[in-house]
Amino acid sequence: MQKSPLHPFSATIMAWYAEHQRELPWRQTKDPYAIWLSEIILQQTRVAQGLPYFERLISSFPTVSDLAEAPEASLLRLWQGLGYYSRARNLQKAAQMVMRDFAGVFPQSYDEIIRLPGVGPYTAAAIASFAFDEAKAVVDGNVYRVLSRVFAIETDIASSAARGVFTSLAQSLIPMQDPATFNQAIMEFGALQCTPAPDCSDCPLRVSCAALSVGRVAELPLKSKKTKVKEIEMNYLVIEQNGQLLVRERTEKGIWKGLWEFYLIEDSCDWLPFQRQALKSPPVHLLSHRKIHCDAWYVQVPDNFELEIPEGYGWMSPSDFESKGKPVLLLNLITDNLDCPILQDISPTYL
DNA sequence: ATCCCGACTG
DNA sequence: CAGTCGGGAT
């Protein structure tokens, strides 16, 4: 077999990976379905947080067919607490596309894989290399960090040019004889060794790292854009009548689409149908682009009173509501107010 | 308080 | 191409 020479960088990180890699369930398989599932979970999510979700999802939906046929609500319930819920909705759309357009066989090339919803350049390269040994370099946040430092690249990673610059470089470094291990190695290296605030003293690249030699490690990678945070107010009324709760699914575009919630008043809470009991407010809830101030009240509606149901809302039993996916903000509200009997009944079994 | 992480949408 | 989409670690 013809062997092209290995770049010193590639040799070093692959040797490092052989020593330091974590044992992770999706690294013990070549099953593209399991690898795809793990990669979607790991988008914008750290391994420690994603791991239990992977275990629950793969055992609930062992095959792409199981996932395609699952009710969306049960998928979102399993995804609860992981954030970026469009990932779960796209995951199922993609599973249905595999069944319909690929006859149930997971697509086997980068060009086909990237057609799946929720799969972009990074994820397609990851699946194509890990499952099918296609020599496509992955470029994720770890790769930006590692390459910008080792090669002292000052390209702004928020710029439109960045992806091309880093993809070309990574593609020039990937060894044809083992692209999968190279891709795993460079990301694991970014996750464990070349971290945002790294300890360079025991780094295997410390003698060749360009950023370290010029004292630019802390400044790289360069990133210009910062997201502005909008402050919003959410007032929840936990409305109970006959042991049922007034709830709705968030169907409009925006945050938490597909998740469920109590009666929500976005602005000031001046609707006072009956005597209300203040609940303990959850702490200010921070998203990347939202700062949510939340207040909540409990309202018991007399059994024989005919309440006018607001548009989009309906009555639901606590146990059915428990089985729906809810934002972490509401899970916090529930667990902070377990002295309220009906909230005990929807206390989540896990986050 | 600040930073981390991909893909889609309009 | 700028804005949107969550949650957690440090």
Side-chain angles (χ1 to χ4, degrees), chain A residues 36-53 76 79-91 93-94 97 113-127 136-146 148-149 156-164 166-167 170 183 186-188 190-199 217-232 234 250-259 261 282-292 294 325-332 348 350-351:
Chain A
W36 166 60
L37 179 59
S38 75
E39 288 301 335
I40 300 298
I41 290 171
L42 293 176
Q43 286 173 5
Q44 312 298 79
T45 302
R46 284 175 165 74
V47 165
Q49 191 198 357
L51 191 49
Y53 287 86
L76 282 167
W79 204 269
Q80 171 176 284
L82 205 47
Y84 288 102
Y85 298 93
S86 64
R87 289 182 292 171
R89 300 193 304 270
N90 282 333
L91 193 68
K93 279 190 209 131
M97 187 183 293
I113 294 167
I114 202 170
R115 288 160 48 193
L116 301 173
V119 175
Y122 161 74
T123 307
I127 300 168
K136 278 278 188 183
V138 292
V139 179
D140 74 342
N142 292 306
V143 175
Y144 280 140
R145 194 165 54 248
V146 172
S148 69
R149 286 171 175 169
D156 180 358
I157 64 169
S159 70
S160 50
R163 169 156 289 279
F166 284 90
T167 302
N183 278 343
I186 190 169
M187 291 195 290
E188 191 80 332
L192 299 182
Q193 175 67 49
C194 197
T195 57
D199 173 8
V217 169
E219 284 69 44
L220 293 176
L222 239 53
K223 188 180 180 185
S224 64
K225 269 182 255 174
K226 41 189 150 193
T227 50
K228 52 184 186 299
V229 177
K230 198 184 297 178
E231 298 204 25
I232 59 175
M234 288 186 162
R250 293 178 65 93
T251 54
E252 71 277 22
K253 68 186 173 104
I255 63 171
W256 300 334
K257 184 179 174 192
L259 303 191
E261 65 185 358
V284 170
H285 194 73
L286 296 168
L287 309 179
S288 56
H289 56 308
R290 293 284 185 280
K291 184 174 181 179
I292 305 173
C294 178
K326 295 170 284 295
V328 166
L329 169 60
L330 280 190
L331 300 179
N332 290 337
Y350 59 82
L351 286 187

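Computation of the quantities below employed the complete heavy-atom set of this structure, encompassing side-chain atoms and omitting hydrogens, waters and symmetry-equivalent molecules. Here is the naming used below: chain letters follow the sequence lines, and residue numbers restart at 1 for every chain.
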- request: Would you please confirm or rule out a distance under 4.0 Å between OP1 or OP2 of dG6(B) and any side-chain N or O of Arg163(A)?
  value: no

task: Using modelled atom types only, decide if a donor and an acceptor are shared between the side chain of Arg163(A) and the backbone of Pro121(A) within a distance under 3.5 Å.
output: no

- prompt: Rounded to whole angstrom units, what separation is found between the CG atom of Asp199(A) and the C1' atom of dT10(C)?
  reply: 16 Å

- prompt: For the pair made of CG in Leu220(A) and P in dC4(B), what is the distance, rounded to whole Å?
  reply: 12 Å

field: Length of the line joining Ile292(A):CD1 and dG6(C):P, which is rounded to integer Å
entry: 9 Å

- request: Please state how far atom CZ in Arg250(A) lies from atom C1' in dT4(C), giving the value in whole angstrom units.
  value: 14 Å

- prompt: If you look at every heavy atom in Asn142(A) and Gly190(A), which pair is closest and at what distance?
  reply: OD1-C, 3.4 Å

query: Rounded to whole angstrom units, what separation is found between the CZ atom of Arg290(A) and the P atom of dG7(C)?
result: 13 Å

message: At 4.0 Å (heavy atoms only), tell me whether Tyr84(A) reaches a base, stays on the sugar-phosphate, or touches nothing.
response: base

message: Please determine whether a side-chain nitrogen or oxygen atom of Thr123(A) lies at a distance below 4.0 Å from atom OP1 or OP2 of dA7(B).
response: yes

- prompt: Atom CG of Asn142(A) and atom C1' of dC5(B): how far apart are they, to the nearest Å?
  reply: 8 Å

- prompt: Is the distance from OP1 or OP2 of dG7(C) to the nearest side-chain N or O of Trp256(A) less than 4.0 Å?
  reply: yes

- prompt: Under 3.5 Å, is there a donor-acceptor pair between the Tyr122(A) and Glu39(A) side chains?
  reply: yes

query: Nearest to the side chain of Arg145(A), which nucleotide is it out of dC5(C), dG7(C), dC5(B)?
result: dC5(B)

message: Applying a 4.0 Å non-hydrogen cut-off, can you work out what Arg89(A) is touching in the nucleic acid: base, sugar-phosphate, or nothing?
response: nothing

- line: Out of dC8(B), dC5(C), dG6(C), minimum distance to the side chain of Asn90(A) belongs to dC8(B)

query: Between Lys257(A) and Ala48(A), which has a closest nucleotide on DNA chain C that is more 5'?
result: Lys257(A)

- request: May I have the distance from Leu82(A) (atom CG) to dG8(C) (atom P), rounded to whole angstrom?
  value: 9 Å

- prompt: Roughly how far, to the nearest 0.5 Å, is the OG1 atom of Thr123(A) from the CG atom of Leu116(A)?
  reply: 10.5 Å

field: Sequence-distant partners of Tyr144(A), ring pair (Phe, Tyr, Trp, His ring centres under 6.0 Å), two or more places apart
entry: Phe166(A)

message: Let's test your reading of the model: under 3.5 Å, does the base of dC4(B) pair with the side chain of Arg46(A) as donor and acceptor?
response: yes

field: Nearest to side-chain heavy atoms of Pro196(A), which nucleotide of dA7(B), dC5(C), dC4(B)
entry: dC4(B)

- line: When Gln44(A) and Val119(A) are each assigned the nearest nucleotide of DNA chain B, the 5'-most assignment goes to Gln44(A)

message: Taking only side-chain N and O atoms of Gln43(A), does any of them lie within less than 4.0 angstrom of OP1 or OP2 on dA7(B)?
response: yes

- request: Measure the distance from CG on Leu259(A) to C1' on dG7(C) and round it to the nearest whole Å.
  value: 13 Å

